Amino acid sequence: MITVCDKFIWESFGPSWIEAVERAGIQYWVVVALDVETSIAVAKYKVDHCFESPMIANETLSAIHYHWGSDHWKKRTWDKVRVIDAIYSYGFHVIHSDTDTSWFRDPLPFFEAHRNEPYDIMISTDLTITFNPINVTDVEFATDPHMNINTGIYLLRQTSSGKSLLRGWLDVIELNPAVGHDQDGFNSLVRGDYFRGDKKYGRARKIPSAPYFSSAFNSSIFVSLLPSSSFANTYTFCNAASYKRLGHDLYAVHWVWGSRTKESKIQNIRDIGKFLDRPEYYRPRRLLSFDLDHLKMPKGFNQLADSEAEDMIRFHLKSTLYQLHQFYAAAAIAISLDRVLILPKFLCYCSKNWYKTMACRINEPQNAEFPFVCPLSQIIRVQNIQNGFIISNWSYPSPSFPRGESEGEPDLSESKSSNSNGTTVSSMEDVIFTRNFSVREYSFLENVHVDKSYREDRIEIEVDASTIDALRAIGVIAPLNVSLYNSSFPTRNSDFKSFEHLRKFRKRRWTRRQRNKKGRAKESKMVKANDEGENNARDDEGAVEVERGSEHERGNERKRGNEHERRRTLASNDNDTLADESPILPVFKPPITSSSSRVVFSSLPLTDVQLAQAFRPIASRKLLHLKNPRAMFQGFQDPGIEMQFDAAMRNVSSKWCCRRFNSFELTGLPREEPLPIVPVLMPYMGYGLQGWRQGGRGREKREMREGARKKRF
């Protein structure tokens, strides 16, 4: 088995490919290095199944120029064919595997079973369906030259026609350098007129009642296709789960027919536990996981026809947004507690495709069943979520680590000084905290490289049933029974039955905002009164500014007063307890202790500061598991932090695609639909369950953004 790679492919997939083939029991593998850097990297990996075939020794390349469809990428695909041609000339049967392939079992017995068949080559396809019967693992029974061939996996047998096939394949690029990559050249050569109407090589001929066809350029060369259930792609493995539905043996997954980015492929391989990361990746300090609450799929959903696809799309969008809003709350809690977030298993009810879907499936209207576990690229921009992000100017230290121990957090012991009375104080005014947000795949805890102590040191936090019922009543959490077309939580204007419903909803929301604004003004006066006794000069100045300033300025003054009180409390308390700045106090039943394995969260949703205080007793536990994060999180207390976090979440947001051309042209609906992670509506719990706030203190954020824009220009 041969895989051919240069330094960029090796860095992304090489070690993971080797580990996968060895875990599958394959011992006859060889890595062919196309450059010196790859040879050195393979040698450092301490493997001897390799040799060097330098094809690009004189090329100066960068990762910027390496991506699907680039000139460099196309050249490397043809280098693979040249390497296979050289090895084949020594008399070997050759099994070729692209490096972005995950192997599950040794394919040699499968190929040996067809030793006496006339096939010269058995090769994988881009099919999203197999026509093989249930419980029968064999070559594709419906092999036909109409089917698009993928050159990621193939067996080239030593036959009299094999050398002619390789020679003809290489002649394609020599005679026509503009042909593209090796796969286009092979399809043109073997399928002829069936591939994009290319008549240069004639037309392939189907052999009646046989699972193979004769190639277009040489009728003595026979081609058979591997079933897309056993030699799968991203769609048939993740979306359709063909091997499970049909009872076929799974040999390998070639990570195509998903997103074209390298990061998406890496994420998919991580999800199945076959990607090899650096050792430190498997040793995060603290973790946070959570359960997703799902909408109930309507009866008969899988039987809906393509003519009813719009109903399927609408439910998929509602369900996806509902899950993403829970992810938003969990991510906010994770960064508030300074923990690494374990992603959940998102469920999809409609596939994402770059040109169209049929009954929410790709190419075939009944080749998958819903729901399926989403490949992350279906709903999130994987590259951005993998990179994580940093929130600067965080207003309090990490509750999960001793001070100075968390990355990006200063050691406050160096910031201590003595005042005139000899009392040691902390100069918190000069301390700036940061928070890093990062994630792990949903299968992280089951990975063989992860220590079992993470699973053992686990505590589950469940929300009290009465709190859940109260939040269901206002639509923060979906009701138990949600209809297909009219869920109780609106996500965007098109979700309302009519413009009149939308108008009434906006009027109610405006009334609630006015009520909440009065409540915030009252709270501002209370904060001012509480601070007067301890800091007269500052509070007097603040009172004048509150009276004369705008609403935004009053909010800033309140924030400064709260920040002063928080820092004063932090400096004086030995146990680093965060100051409570809200009339809503967290209540836990039973009380949290270090030995608890399950606790009940009995409180209205809390701010990030309140959560950090409430979870401090269990901060040392390696894994916190939340049963319903959206019922716990109210929002960020600091509008500046909230703005940064929301901006980062929007950068992670993706979109769904695509409606059929005739569908969006006739109905006026967009071809693509956004999947915003930041909720349009968030419950504002500070003044009771009746209140709503938009976009997390939307007015304050807009004014801060406008002020920053004016200052910049």
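Keep in mind that the numbers below use all heavy atoms, side chains included, and drop hydrogens, waters and symmetry copies. These figures come from a predicted structure and were not determined experimentally.
Using modelled atom types, one side-chain atom of Gln158 and one backbone atom of Tyr88 make a donor-acceptor pair closer than 3.5 Å. Without hydrogens or angle criteria, Thr137 side chain to Asp249 main chain gives a donor-acceptor distance under 3.5 Å. Under the 3.5 Å distance criterion, the side-chain polar atoms of Arg76 are left unmatched by any main-chain donor or acceptor of Val4. For the pair Ser188 (side chain) and Gly185 (backbone), a donor-acceptor distance under 3.5 Å is absent. For His254 (side chain) and Thr101 (main-chain N/O), no donor-acceptor pair under 3.5 Å exists by modelled atom type. A donor-acceptor pair under 3.5 Å is absent between the side-chain atoms of Asn176 and the main chain of Val172, judged by distance alone. A donor-acceptor pair is defined here as one N or O able to donate and one able to accept, closer than 3.5 Å; no such pair exists between the side chain of Asn268 and the backbone of Pro375. Panel note: side chain Ser230, backbone Leu250; no donor-acceptor pair is recorded below 3.5 Å. Remark: side-chain polar atoms of Tyr235 are paired, donor with acceptor, to backbone N or O of Ile362 under 3.5 angstrom. At least one donor-acceptor pair under 3.5 Å links the side chain of Asn187 to the backbone N or O of Gln183.
Aromatic pair Phe131/Phe141: centroids not less than 6.0 angstrom apart.
When all heavy atoms of Ala252 and Phe104 are compared, the pair lying nearest together is CA-CD1, 4.2 Å. Nearest heavy-atom pair, Met147 versus Thr143, reported as atom, atom and distance to 0.1 Å: SD-CA, 4.2 Å. The two residues Val21 and Trp103 have their closest heavy-atom pair at CG1-CD1, 3.6 Å. Between Leu189 and Gly168 the shortest heavy-atom distance is CD2-C, 3.7 Å. Summarising the geometry of Ile342 relative to Glu441, their closest heavy-atom pair is CG2-O, 3.5 Å, with the distance given to 0.1 Å. The heavy-atom pair separating Asn436 from Asp338 by the smallest distance is O-OD1, 4.5 Å.
Looking at heavy atoms from C-beta onward, Val94 lies out of side-chain contact with Leu155 at the 4.5 angstrom threshold. Considering only heavy atoms from C-beta on, Thr159 stays 4.5 Å or farther from Pro118 through its side chain. For the pair Arg283/Tyr454, a side-chain contact is recorded, criterion being any heavy-atom separation below 4.5 Å from C-beta on. When side chains are defined from C-beta on, Ile18 does not count as touching Leu276, because their heavy atoms never get closer than 4.5 Å. A 4.5 Å side-chain heavy-atom check between Leu343 and Phe327 finds at least one atom pair inside the cut-off. Side-chain contact between Val42 and His49: absent, with no pair of heavy atoms (C-beta onward) separated by less than 4.5 Å. In this structure, Phe437 and Ile385 have side chains that are in contact, with non-hydrogen atoms separated by less than 4.5 Å. The side-chain heavy atoms of Arg286 and Leu337, taken from C-beta on, include no pair separated by under 4.5 Å.
For the cysteines Cys348 and Cys374, the sulfur (SG) atoms lie within a distance shorter than 2.5 angstrom of each other.
Separating the CD atom in Gln323 from the CG atom in Leu292 is a distance of 5.5 Å, to the nearest 0.5 Å. Taken from CG in Asp79 to CG in Asp182, the straight-line distance is 10.0 Å, to the nearest 0.5 Å. Separating the OG atom in Ser228 from the CG atom in Asp126 is a distance of 10.0 Å, to the nearest 0.5 Å. Once rounded to the nearest 0.5 Å, the distance linking OG1 of Thr236 with CG of Leu246 reads 10.5 Å. The CD atom of Glu446 sits 10.5 Å away from atom CZ of Phe444, with the distance rounded to the nearest 0.5 Å. Atom-to-atom distance recorded for Phe237:CZ and Ser242:OG is 11.0 Å, nearest 0.5 angstrom.
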Hey, can you pull the donor-acceptor pairs under 3.5 Å for the side chains in residues 651-658, sequence neighbours left out?
{"residue": "Ser653", "atom": "OG", "partner": "Met649", "partner atom": "O", "Å": "3.1"}
{"residue": "Ser653", "atom": "OG", "partner": "Ile677", "partner atom": "N", "Å": "3.2"}
{"residue": "Ser654", "atom": "OG", "partner": "Lys352", "partner atom": "NZ", "Å": "3.1"}
{"residue": "Lys655", "atom": "NZ", "partner": "Glu672", "partner atom": "OE1", "Å": "3.0"}
{"residue": "Trp656", "atom": "NE1", "partner": "Ser351", "partner atom": "O", "Å": "3.0"}

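Of the N and O atoms on the side chains of His248 and Ser229, at least one donor lies less than 3.5 Å from an acceptor on the other residue. At a cut-off of 3.5 Å, with distance as the only test, no side-chain donor of Ser377 or Ser259 sits close to an acceptor on the other residue. Side-chain N/O atoms of Asp271 and Gln267 include a donor and acceptor closer than 3.5 Å. With no hydrogens or angles considered, a side-chain donor-acceptor pair links Arg191 and Asn148 at under 3.5 Å. With no hydrogens or angles considered, no side-chain donor-acceptor pair links Trp10 and Thr99 at under 3.5 Å. A donor-acceptor contact closer than 3.5 angstrom links the side chains of Asn363 and Tyr355. Looking at Trp29 and Ser97, their side chains never bring a donor and an acceptor atom within 3.5 Å of each other. With hydrogens and angles left out, the side-chain atoms of Thr261 and Ser264 include a donor and acceptor closer than 3.5 Å.
Applying the salt bridge (charged side-chain N to carboxylate O under 4.0 Å, His left out) test to Arg23 and every residue at least two apart in sequence or in another chain returns Glu19. The side chain to side chain donor-acceptor pair (under 3.5 Å) search around Asp277 returns Arg270, not counting sequence neighbours. Shown here are the salt bridge (charged side-chain N to carboxylate O under 4.0 Å, His left out) partners of Asp451, two or more places apart in sequence or in another chain: there are none. In terms of the salt bridge (charged side-chain N to carboxylate O under 4.0 Å, His left out) criterion, Asp106 has no residue partners (sequence neighbours excluded).
Residues Arg167 and Asp171 are paired through a salt bridge, judged by an N-O separation under 4.0 Å between the basic side chain and the carboxylate.
Using the six-membered ring where Trp is involved, Trp354 and Trp257 have ring planes that are parallel, under 30° apart on the 30 and 60° scheme. Aromatic ring orientation, Tyr251 versus Phe231: parallel (interplanar angle below 30°, classes split at 30° and 60°).
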Requested in this report: Take Ser215 and Asn218 through the side-chain hydrogen bond (donor to acceptor under 3.5 Å, both in side chains) test and state the conclusion after the steps.
Outcome: CA-CA 6 Å; Ser215 66; Asn218 187 339; 5.5 Å; no

Requested in this report: Evaluate side-chain hydrogen bond (donor to acceptor under 3.5 Å, both in side chains) for Glu364 paired with Thr128, printing each intermediate quantity in order.
Outcome: CA-CA 7 Å; Glu364 300 290 339; Thr128 59; 5.8 Å; no

Requested in this report: Decide side chain to side chain contact (heavy atoms under 4.5 Å, CB included) for Ile123 and Leu225; before the verdict, give the C-alpha distance in whole Å, the side-chain angles of both, and the deciding distance to 0.1 Å.
Outcome: CA-CA 5 Å; Ile123 192 166; Leu225 303 181; 3.8 Å; yes

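Sorted by first then second residue, the salt bridge (charged side-chain N to carboxylate O under 4.0 Å, His left out) pairs that include residues 92-103, not counting sequence neighbours, are Lys80-Asp98, Asp100-Lys265.
Other residues, nucleotides and ligands contribute only 12 or fewer heavy atoms inside 6.0 Å of the CZ atom of Phe92. More than 12 heavy atoms of other shown residues, nucleotides or ligands fall within 6.0 angstrom of atom NZ in Lys622.
A cation-pi arrangement is present between Arg440 and Tyr281 under the rule of less than 6.0 angstrom and at most 45 degrees off the ring axis.
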